Each structure stands twice: as C-alpha cells, then as structure tokens.
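Just so you know, these numbers come straight off a predicted model, no measurement behind them. Lettering of chains follows the sequences in order, A, B, ..., and the numbering in each one begins at 1.
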Amino acid sequence: MKSFKELKEKAQWVKRETLKLHKYAPGTRLASSLSDIEIFVVLYYGGILRYDPKNIKWDKRDRFIISKGHGAVSLYPILADLRFFSKSELAKIGSKDSFLGIIPDTLIPGFETINGSLGHGLGVACGMALALKLKGIDRNVFVLSGDGELNEGAVWEAVMFASFHKLDNLILIVDNNKMSMLGYQKEILGMEPLKEKFKAFHWKTEEADGHNIAELRKVLNNLIKDDSGRPKVLVANTCKGKGVPGLENDPICHVKTLEADEIDNILKGCK
Amino acid sequence: MSDIQIKAMRDSVIDEVYSRMRHNKRIFFISADLGAPSLDKLRKDFKDRFINVGIAEQNLINVSTGLALEGFTVYAYAIASFITMRAYEQIRTNLSLSSHHKEINVNLIGAGSGVSYDVSGPSHHCIEDITIMRALPNILFFSPSDWFIAEKFVDFSINTKGPKYMRLDGKPLPRIYDSAKSFDFKKGFCELVKGDDVCIVSTGYMTHKALKIAKELCGKNRKIGVIDMYILKPVAEDLLFNTLKRYKRIITIEEAFINKGGLDSLISNMISRRNASIKLISLGFDDNYIFKFGNRDFLSSLSNFSEEDIIKVVED
C-alpha cells in the first residue's frame, strides 16, 4: 500500500495521462473522467480493491463495475500502470487497432461489463454479490455510478433489491459531481438529499470529499468493515472537470472538448 | 403425431428446470413476480436459488446477468411482452452486447406469446417480439409448438451457453412431437408433414392450426406440407432452403406482426437471396393493435388469418 504522498502523486500522474488521452481522442468525456480520479487511485493503489492483473478472472478478486462508463477514461492509465495491458496501448486510444474506446467495453482487460449505457451497473452488481455469497467467496462488489445516472429507474429497482437481500458485500460509490450532460442536477431532477434517499431504502451510508484521498480511504475502509448486514453507499462529493479551470463550474463541461494547445498548457502547469 | 395430452409449455419447462436444480447447484430461477402452478414447489424447495425480483423486469435482466457472469445458469421468467419490451435495452446491453466476449447463460422465459392472453387486451398481447428479438445478435430464439419440445429444450439450454429467448404460449396445448428424435435444436425446424406443392411454415401455436388444416384438406387430391419453425435464430438456412425449394407455394403463419422482420421476413429474405421462384404468402397480424376481445381465432380473423381464412388461402 502506498503512502498518502505517493497516492497524491499518483493522482497527479493519472490526471496528466487523462489529459493526454483526451488529446489523442478528443471525443473522450474529459470533465466526467476528472471527477473520479482520486476514487480510482484509492481503490487501486490504496489497498481497497483486491485484483490480479496476471489473472483477471481470479475468483478471489473484488469485482468493480464502472457503471458511469463515460467517466472511465482516467482508469485506462491506472490499468496500464498495473499491467492489465501494455502502456503502449494508451496512445492508440480510439484508433482502428486499439481496444480502448472513448467509452470502455468488455474487450479491455480489467473491465467486467459493458458500461456505456447508464443505470445497468448496480443491478448487475446485485447479481454478482448474490452469486459470491452463494459460492462462499468473501469478496466485495464495488460499483461506481454518477449522480446523474441515478435518474435511471432501473437503479432504484436495484437499490430496493440490494437491501431486501441484505447484500452487505455490495459497495456503491456515487461520483456526486452534481452535473449531467445539460447542466446541474439540482436544475434537472434534484437528487438531494441523496444520502437520506439511500437511508430510507435501508442502506448504510457515508459521505466524503471525493478528492480527498485520506478521507476516501478511511471511509471506504469503514464501509468494508461495517457488519450491519446492509448494502453500502459512499456519496463522494466531487467537482466535474476537477483541476481544469476551463471545465470546472461550466454547466455543460460534460461535452466540452479542449484543444491540443490548451491541454499542452495545462500539462506544463501540472508537472 | 401422438398422444393428445394437453399441458402448458411453462409447466413442462419449469418441471424440467426443477429436476435439474436438484442435481445442478449452479442453476438459478428468477421471476418478475410471475407464477405458475409448477413453480410452487421450486419456490419452496430451492429458497436460495429462486428469487422473485418483484415487478421489475429491468432488474430481472440485470440481476440475471450478474449471476451468469459468475458462472450460474439462469432462467429469467416474466410475461413475454414485458420481459422483451420493458427490459429490451437491458437485454441488448447486458445479454446481446456483453455475450460477444463473455459467457452469459441467461435463458429468458417469456410466457404468453402472441395473443395467448387473448382476453387480456393489447398490453398483454406479444406480437412484436419476433421482430425485435431477432434483431439482437448472440441471442438464440426458441419458439416451441408443444410442451414436449419445450421440456427437451431445457437440457440444451444448460449445455449451450449464451443468452436465449424462449417464446412460450400461455395456454395448455396438445403434444405434437412423438419423441426427441424428431427434432434437433441445431437444425431448428421440422417438416411435420411432407406435402406436394404447397407448404405451410408456422411457429408456436400456429403450428397446431397448420396441422389441423393440413389434416382437413388431406385427401382432396393434394397433400399440404407443414414445417414447424421452432428456432427462429440462428436459422440453418441451407437445410431449410433445401426443404422449402421442393414447394411451389409457401404460406407463413405466425401470431405476430408481419411485414416487419418476423417469421415471414425470415422466409422471404431467404427466398429472395437465393433467387428462388417460390410464391410466398404471409399471414399474421397487420400493423395495428387489437382492442377487441374474443378467442384467438376471432382475433386472427381481424387480420384475415382465421382458420377459415387460412383454408381459403391454401386452397386458392
């Protein structure tokens, strides 16, 4: 497990690599992929997820479904760094001989499911969590979802299912960046008070600053340890487009593409 | 053609799944709050592997996918119109798309095909499913005509990994097939009656109609052929075409929409691809929903394919 200093450096590196990926493939959803970087870093480098890049089907791995597929580009450098696939693949993103699309699919080593269509991940994770219990495998199923994604009705079918079946090996992380494609959630469907909604469905809930590595790690460890027999949710409060001034606080940053020279300037500033 | 024992397909399927679950611990049965008399003992005896997800077809598919990704064989059971149409995008993403790279053995059991829920009205009629489910790659489409072939499909469904859709009639129907030797799930069709120059190609319930009509007309100087299509995808096209090319006239009958991708389109596309000079007549539901109530023959008559209508077409 890495120190907090190392984890912070990792997050900076992932940010730079994500910006480069956006330069190679301008169709990538950059803003959405910047809000979840620290979450990915803590999961993969912070001793939370158990995985084996040499054996991606390892039965004893924790399952991780990145339900907000658009925001998963920042996971590519991490998977390459951990040798799920070669780092040389990164520069090929979106090209005809690459398996890295701007939205990930099951061709990419390390991805469990197809993730481009929103609202499926939690239900699929419920099936996996149930299967792990029946197989006697003491591992967790993690899901990363966007807050906008929670507008999908199928998510709430799964929320009801998870608590009724006491799936305490299921951990949902909501990347609560408070925006979806057309603007702020509070002006679209208003998901707040989000934590209370999950509480009402009898989930164990936690909240954290989704860019604070120490806090994320502490809270995720608390959730893993919780033995109250409930599914668990972490509402991670994040900022869409985090760290890029042209994206942060722009209500339509989801679809915003940066020019190559803009990216070069940002990269110069965050070495 | 054989004993006239009448049974609902869903019951023969569920009974067979039940007997498999006794020995095979890797089978789940999941229902979206749909029951059946045969399901009661399964629910009771396999409490850990029977799940009622509630009236939630989308989650039915998603939970089934998760279980299948972990290696379980899953039967997902709901009313045909809802499992296919309420959850279509879940089926597309998690079964059709995902099974391109992953092994996902989810078997969708849709009960109440065509207008077998005759008096329940248009919400419960399922006449779009042949068109829309055939559009999805990687999904095998099973459309049985009797409970016996449906029962035998269970063994095949466990051993042949991958998503499948089972389009089951909602009403008890007589047995058609004598023995398991008369069908082959890789072939997908059976020429139940060899005819002279006219052949009816049908699927599901309509095969019973076709057989009845062929029997009635038998002896009037001609013999009408009957082909039962029990697998609508994938189609063993060479074998099917070799059987069909002997006929001058083919009449397709289905309790589904015609002229937009159903059984009729499957046959007509094949004939045109092979430049065959076979005359084709398609019978099935017009491009309308049915807001009238009555038995199935009456509902068919609204689109001109009642038994009487079919006989006229065949004799023409």
In [range], which residues are in contact with chain A at a heavy-atom separation under 4.5 Å?
| range | result |
| --- | --- |
| residues 48-58 of chain B | B:D48, B:R49, B:I51, B:V53, B:A56, B:E57, B:Q58 |
| residues 67-77 of chain B | B:L67, B:L69, B:E70, B:F72 |
| residues 88-118 of chain B | B:E89, B:Q90, B:T93, B:N94, B:L97, B:S98, B:H101, B:K102 |
| residues 18-42 of chain B | B:R26, B:F28 |

Who wins among [options] for the most heavy-atom pairs under 4.5 Å with chain B?
| options | answer |
| --- | --- |
| A:M160, A:E112, A:K133 | A:E112 |
| A:M128, A:E157, A:R63 | A:E157 |
| A:I114, A:L130, A:V155 | A:I114 |

Return yes when atom [atom1] of [X] has more than 12 non-hydrogen atoms of other residues, nucleotides or ligands closer than 6.0 Å, and no otherwise.
| X | atom1 | result |
| --- | --- | --- |
| A:H165 | NE2 | yes |
| A:L189 | CG | yes |
| A:K166 | NZ | no |
| B:F156 | CZ | yes |
| A:D138 | CG | no |
| B:R134 | CZ | yes |

Quick one: what part of [X] sits under 4.5 Å from any heavy atom of chain B, side chain, backbone, both or neither?
| X | result |
| --- | --- |
| A:T106 | both |
| A:I65 | neither |
| A:A125 | neither |

(request) Would you mind telling me which of B:T65, B:N59, B:L60 has the largest number of heavy-atom pairs within less than 4.5 Å of chain A? (result) B:N59

